[in-house]
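Reviewing the structure listed below.
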Amino acid sequence: QVQLVESGGGLVQAGGSLRLSCAASGRTFSTYHMGWFRQAPGKEREFVARISRFGAVTYVTDSVKGRFTISRDNAKNTVYLQMNSLQPEDTAVYYCTATISPRDGALPDYWGQGTQVTVSS
């Protein structure tokens, strides 16, 4: 079991930056591939980014490529999402996730409660 708590969301103007953090507790942090999903009002939840257990491999969805970066610090049991050049379409609730064995099409095993990111135009 792992518990995930996100922080760092808020209101920012278009073109601005935010860094989301997700603190994990419970089972050994490096057990998990970590990730971020988001859900905008009236839209389906979508994958944003994922990072492997020791940070060697990262994936980001095409819509945020070049703007968002995922990283992790296993000594601090924390995963980050650095978001630059934010746009109004990035407005969503962002969820931290943890997965033991990632599989195509499968949802993560654990989810945080979410943090709101609002980008004003």
Side-chain angles (χ1 to χ4, degrees):
Q1 291 282 347
V2 63
Q3 292 75 45
L4 306 172
V5 179
E6 304 96 334
S7 61
L11 174 64
V12 64
Q13 290 188 333
S17 298
L18 283 174
R19 187 176 81 156
L20 304 183
S21 299
C22 172
S25 60
R27 196 171 171 181
T28 304
F29 185 60
S30 59
T31 298
Y32 302 96
H33 300 257
M34 300 299 295
W36 292 92
F37 279 67
R38 68 184 181 184
Q39 187 166 22
K43 296 187 177 181
E44 292 188 355
R45 182 172 46 191
E46 65 170 345
F47 166 81
V48 177
R50 190 176 74 215
I51 187 167
S52 60
R53 295 168 58 210
F54 296 96
V57 181
T58 62
Y59 300 97
V60 294
T61 193
D62 286 346
S63 61
V64 306
K65 199 164 291 184
R67 301 189 298 121
F68 289 15
T69 303
I70 187 170
S71 62
R72 66 189 294 163
D73 185 338
N74 285 359
K76 296 183 178 180
N77 292 350
T78 302
V79 62
Y80 305 97
L81 185 67
Q82 178 66 45
M83 305 186 294
N84 298 328
S85 301
L86 283 161
Q87 300 302 316
E89 52 266 33
D90 296 316
T91 295
V93 177
Y94 284 72
Y95 297 92
C96 176
T97 67
T99 307
I100 296 175
S101 299
R103 292 164 291 162
D104 287 346
L107 291 176
D109 300 309
Y110 301 99
W111 296 75
Q113 83 287 351
T115 187
Q116 176 71 47
V117 171
T118 303
V119 185
S120 63
S121 57

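Computed from a predicted model, the values in this text were never measured in an experiment.
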Are [X] and [Y] in one and the same hydrophobic cluster, where Ile, Leu, Val, Met, Phe, Trp and Tyr link if side-chain heavy atoms are under 4.5 Å apart?
| X | Y | answer |
| --- | --- | --- |
| Y32 | V60 | yes |
| L4 | I100 | yes |
| Y95 | L86 | no |
| F37 | L81 | no |
| Y59 | L107 | yes |

Under 3.5 Å, side chain of T58 to main-chain N/O of I51, donor-acceptor pair present?
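A pair under 3.5 Å: no.
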Just by modelled atom types, is the I70 backbone N or O under 3.5 Å from a matching donor or acceptor in the R50 side chain?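 No, the answer is negative, given that no donor and acceptor are paired below the 3.5 Å cut-off.
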Answer yes or no: is there a side-chain heavy-atom contact under 4.5 Å between [X] and [Y]?
| X | Y | answer |
| --- | --- | --- |
| M83 | V64 | no |
| Y110 | T97 | no |
| Q116 | T91 | yes |

**Request:** Show your working on side chain to side chain contact (heavy atoms under 4.5 Å, CB included) between D90 and F68 and close with a plain yes or no.
**Result:** CA-CA 11 Å; D90 296 316; F68 289 15; 3.9 Å; yes
Rounded to the nearest 0.5 Å, the CD atom of E89 sits from the OG atom of S121 at a distance of 10.0 Å
d(H33 NE2, F54 CZ) to nearest 0.5 Å is 9.5 Å
For Y80 and D73: C-alpha separation, side-chain torsions, deciding distance, then whether side chain to side chain contact (heavy atoms under 4.5 Å, CB included) applies. CA-CA 8 Å; Y80 305 97; D73 185 338; 4.1 Å; yes
What are the two closest non-hydrogen atoms of R72 and G55, and how far apart are they?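 Answer, listing the atom of R72 first, then G55: CD-N, 3.9 Å.
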Practice prompt. Begin with the C-alpha distance, continue with both residues' side-chain angles, and end with the deciding distance and a verdict on side chain to side chain contact (heavy atoms under 4.5 Å, CB included) for W36 and C96.
Written response: CA-CA 5 Å; W36 292 92; C96 176; 4.0 Å; yes
Notebook entry, point to check: Considering residues, nucleotides and ligands other than F47, do more than 12 of their heavy atoms fall under 6.0 Å from its CZ?
Noted result: yes
May I have the list of side-chain donor-acceptor pairs in residues 14-31 shorter than 3.5 Å, sequence neighbours left out?
residue : atom : partner : partner atom : Å
S17     : OG   : N84     : OD1          : 2.9
S25     : OG   : Q3      : OE1          : 3.4
T31     : OG1  : T28     : O            : 2.9

Practice problem: Go through the structure and list residues passing salt bridge (Lys or Arg N to Asp or Glu O under 4.0 Å) with E46, not counting sequence neighbours. | Solution: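 Salt bridge (Lys or Arg N to Asp or Glu O under 4.0 Å) list for E46, sorted by chain: R38.
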